[in-house]
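This report refers to the structure that appears directly beneath it.
We use all heavy atoms of the structure for the numbers below, so side chains are in, but hydrogens, waters and symmetry mates are not. Residue numbers start from 1 in every chain, and the chains themselves are labelled A, B, ... in the order their sequence lines are given, proteins ahead of strands. Quick caveat, the model's predicted, so the values are computed rather than measured.
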Amino acid sequence: MVRQPYPKKGTWTPDEDQKLIAYIMRYGVWNWNEMPRFVGLQRSGKSCRLRWMNYLRPNLRRGNFTREEEETIIRLQKELGNRWSAIAATLPHKTDNDIKNYWNTRLKNNNSASATTETSCSIEENSCDANSSASLNIPTMTDFPEPFACSTTFSPSDCHQTEEVDNTYSMRELLFHLNAIGRY
DNA sequence: AACCAAAGCAACCGCTCCTAG
DNA sequence: ACTAGGAGCGGTTGCTTTGGT
């Protein structure tokens with residue numbers, strides 16, 4: 001159980017994002033505290049989890065909130081209070097952090113009026129040319145050590161409990177996603 | 001063009017909850 | 001039933017961006 005004594009903090013770099021996405025594509029999520037070592041990141045497990053959950057995982061839609069989403073947030077906040085994860089569960093393409101920020105910055109002091117009239121959802125912002133992948137430096141699977149190749153306290157079956165399951169997340173989708181989140 | 005203030009957002013911290021042993 | 005460790009959540013901070021002067 002060797003942990004980094006001083007894990008790196010601050011804004012994530014594109015390289016770190018690429019490594020984390022590529023690793024999770026291959027092995028899935030098995031232990032946030034141990035994973036950073038195998039990914040080759042000097043981040044805490046918490047930091048990796050947060051980055052993945054809020055920005056890197058598939059199916060997130062960054063950008064403006066639609067009017068419907070905004071109304072849902074206002075209504076559920078009245079019903080549930082600041083239970084952002086519960087509210088986020090009803091908006092599958094948004095994260096609790098997104099919703100929390102949106103509430104605190106735009107709706108909190110103004111929740112009876114619409115915070116913005118321009119709420120068009122810019123799906124087109126997510127458009128990307130997957131053919132541009134050749135110029136990107138995406139880590140390959142061989143860049144990562146096999147988790148069970150190291151002396152650890154978990155078993156191979158533990159490490160690979162989600163292996164192959166995530167193969168629906170193809171390299172093309174990875175490239176699309178990296179573009180969509182504005183990294184490239 | 002330079003400066004400043006406000007707004008927005010990404011990330012960290014500390015706590016609670018959950019689960020396996 | 002108890003404990004330890006991991007995961008998840010909400011509050012908060014601080015950096016970056018944007019708009020005004």
TODO: State, without any angle test, whether Trp12(A) and Ser47(A) hold a side-chain donor-acceptor pair at a distance under 3.5 Å.
DONE: yes
Please work out if [X] contacts a base, only the sugar-phosphate, or nothing of the nucleic acid, heavy-atom cut-off 4.0 Å.
{"X": "Arg83(A)", "result": "sugar-phosphate"}
{"X": "Asn54(A)", "result": "nothing"}
{"X": "Gly10(A)", "result": "sugar-phosphate"}
{"X": "Ser47(A)", "result": "sugar-phosphate"}
{"X": "Asn101(A)", "result": "base"}

With a 4.0 Å cutoff (strictly under), does any side-chain N or O of [X] reach OP1 or OP2 of [N]?
{"X": "Ser85(A)", "N": "dG10(C)", "value": "yes"}
{"X": "Arg51(A)", "N": "dA10(B)", "value": "no"}
{"X": "Tyr102(A)", "N": "dG8(B)", "value": "no"}
{"X": "Lys9(A)", "N": "dC13(B)", "value": "yes"}
{"X": "Arg43(A)", "N": "dC12(B)", "value": "yes"}
{"X": "Trp84(A)", "N": "dG8(C)", "value": "no"}
{"X": "Thr105(A)", "N": "dA7(B)", "value": "no"}

Open item on the list: When you measure only distances, ignoring hydrogens and angles, does the side chain of Lys46(A) come within 3.5 Å of the base of dG14(B) through a donor and an acceptor?
Closed with: yes
Distance, rounded to the nearest Å, where [X] contributes [atom1] and [N] contributes [atom2]:
{"X": "Asn31(A)", "N": "dG8(C)", "atom1": "CG", "atom2": "P", "value": "11 Å"}
{"X": "Leu80(A)", "N": "dG10(C)", "atom1": "CG", "atom2": "C1'", "value": "14 Å"}
{"X": "Trp32(A)", "N": "dC13(B)", "atom1": "CH2", "atom2": "C1'", "value": "18 Å"}
{"X": "Lys8(A)", "N": "dA11(B)", "atom1": "NZ", "atom2": "P", "value": "11 Å"}
{"X": "Asp96(A)", "N": "dT12(C)", "atom1": "CG", "atom2": "P", "value": "16 Å"}
{"X": "Asn104(A)", "N": "dT13(C)", "atom1": "CG", "atom2": "P", "value": "12 Å"}
{"X": "Asn33(A)", "N": "dA4(C)", "atom1": "CG", "atom2": "C1'", "value": "13 Å"}
{"X": "Trp30(A)", "N": "dG5(C)", "atom1": "CH2", "atom2": "C1'", "value": "15 Å"}

Task: Base-pairing mate for dG20(C) - Watson-Crick or G-U, with both contacts under 3.5 Å - done: dC3(B)
Closest heavy-atom pair and its distance - [X], [Y]:
{"X": "Glu16(A)", "Y": "Thr11(A)", "answer": "OE1-O, 4.2 Å"}
{"X": "Cys48(A)", "Y": "Pro36(A)", "answer": "SG-CG, 3.7 Å"}
{"X": "Ile87(A)", "Y": "Thr90(A)", "answer": "O-OG1, 2.7 Å"}

TODO: Supply the atom-to-atom distance Glu70(A) CD to Tyr102(A) OH, rounded to the nearest 0.5 angstrom.
DONE: 3.5 Å
TODO: Please confirm whether Phe38(A) and Trp30(A) have ring centers closer than 6.0 angstrom.
DONE: yes
